[in-house]
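First comes the structure, then the notes that go with it.
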Amino acid sequence: MRLRGDVSDDEEEDAVMDPALLSSSSPNGAAVAAAVASPRLVVGYALTKKKVKSFLQPKLLLLARKKGIIFISIDETRPLSEQGPFDIILHKVTSKEWQQVLEDYHEVHPQVTILDPPNAIEHLNNRQSMLEEVADLSLSSFYEEVCTPRQVVIMKDPSSIPTAVAMAGLTLPLVAKPLVVDGTSKSHELSLAYDEASLSMLDPPLVLQEFVNHGGILFKVYIIGEAIQVVRRFSVPDVNTYDLLNNVGIYRLPRVSCAAASADHADLDPSIAELPPRPLLEKLSRELRGRLGLRLFNIDMIRELGGNDRYYIIDINYFPGVQLFCVSHGFAFVLFCQCVHEELARPNNLSQMRGKEVYQPETSLCPSRPI
């Protein structure tokens, strides 16, 4: 199925130019910008070198240019007010200083769309607050249910963990995750604790989540505004009674859900491989966009094995890897830039740096498990 305005095969063959020739981040940038006839949209970006390499692919830049959109690199060493002018600022910089720069800039330039507001992104930098909106949210569509794993937060004192787990009523095994998500590899290091005695060996601050058997398959749901893409990833194998009786200690889990762990073309049991229903994902995406105030993020979701289509959201990530922008070779993102700018440039929508989208609760919701 082709999205409206999708690129053709001929356009794909044209998209082989050096990205330096298509973005204003190079010495040729000014000339390229001048060569673009009346650009309708200017996107300034403040991204890490790794993110620039994975995101600003030649196909995306060429397609954007054809649609009248140009990308300009933001120099973080210079005042933002001296750069631009911008219609949209796309960023993934986590420092407090940068957050203040954006807030000050938006005070003076309220017509510029910030993707996404720093205060909304900050909500995802902590695994406790990350899932709070999901815990308050319940969705049902026929027999499907969306929940979060039960969890407990441990701030310090490893010796207190067994007592905290018992008081929370959590069942072993438990997945241990660092509390803070700061983009470093350490923040993605996960462990599985099989027995109570080993819990005091963990290193707070952390979140302990009940492990849910899910057939070893995780669904990554990428959201670009109203566009949704779902991919399968191999995940942690299920844990059975034999495993619980014969394993003790803390086991470091391999990095799951990355592109190298793709399960989209694997020969899987249909009951495990079947993607979550589209209506459910659309409803979930709409609700979370409103509650989180974000437009570029992804959800890590699992389906409980034999759980009558009960789904668990286990992580939410802001502006994730390149897979997010592979929907129809970047067209979804280009179209999204156009739509979000038109929407938020209206006078009654210029408070997006301070607040979230208006949230209107859905009806016919089923209760979800508390965290």
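Quick caveat: nothing in here was measured; it's all calculated off a predicted structure.
Panel note: side chain H106, backbone I114; no donor-acceptor pair is recorded below 3.5 Å. The backbone N or O of K220 lies less than 3.5 Å from no partner atom in the side chain of R233, so there is not a single donor-acceptor pair. Of the possible polar contacts, one joining the N247 side chain to the D243 backbone as a donor-acceptor pair under 3.5 Å is found.
Taking a 6.0 Å sphere around CD of E226, one finds it holds 12 or fewer heavy atoms contributed by other residues, nucleotides or ligands.
Using a 4.5 Å cut-off on side-chain heavy atoms (C-beta onward), I316 and L292 make contact. Looking at N317 and L124, their side chains never come closer than 4.5 Å, going by heavy atoms from C-beta outward. Between L208 and V175 there is no side-chain heavy-atom pair separated by less than 4.5 Å. Inter-residue side-chain proximity for I313 and F219 is flagged as unmet; no heavy-atom pair is nearer than 4.5 Å. Under the 4.5 Å side-chain criterion, counting only non-hydrogen atoms from C-beta, I224 is in contact with L296.
For the atom pair CG (L206) and NZ (K156), the distance works out to 14.0 Å, reported to the nearest 0.5 Å. Annotation: the span from I223 atom CD1 to N298 atom CG amounts to 8.0 Å, rounded to 0.5 Å. Between atom CG of residue L199 and atom CG of residue L174 there is a gap of 6.0 Å, rounded to the nearest 0.5 Å. Rounding to the nearest 0.5 Å places CD of E304 at 8.5 Å from CG of N213. Here CZ of R303 is found 10.0 Å from CG of L305. Values are rounded to the nearest 0.5 Å.
Salt-bridge annotation for D315 and K177: present, with a side-chain N of the basic residue lying under 4.0 Å from a carboxylate O of the acidic one. In summary, E282 and R286 do not engage in a salt bridge, as defined by a charged side-chain N under 4.0 Å from a carboxylate O. The pair E122-K96 counts as a salt bridge, with a side-chain nitrogen and a carboxylate oxygen less than 4.0 angstrom apart.
With Q209 as the partner, the side chain to side chain contact (heavy atoms under 4.5 Å, CB included) test is satisfied by one option alone out of L131, T148, L170: L131.
Legend: residues meeting salt bridge (charged side-chain N to carboxylate O under 4.0 Å, His left out) with R252, ordered by chain and number and at least two apart, are E189. With sequence neighbours excluded, no residue satisfies salt bridge (charged side-chain N to carboxylate O under 4.0 Å, His left out) with E196.
For the pair C337 and V43, the tightest heavy-atom approach, listed with the atom from each and the gap, is SG-CG2, 4.5 Å.
A ring-centre distance under 6.0 Å is found for F55 and F319.
Relative orientation of the H91 and Y318 rings is tilted, given thresholds of 30° and 60° on the angle between their planes.
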Can you give me every donor-acceptor pair (side chain of residues 158-168, partner residue at least two apart or in another chain, under 3.5 Å) with its distance?
unit_1	atom_1	unit_2	atom_2	d
S159	OG	D157	OD1	2.5
S159	OG	D157	OD2	3.4
S160	OG	D157	O	2.7

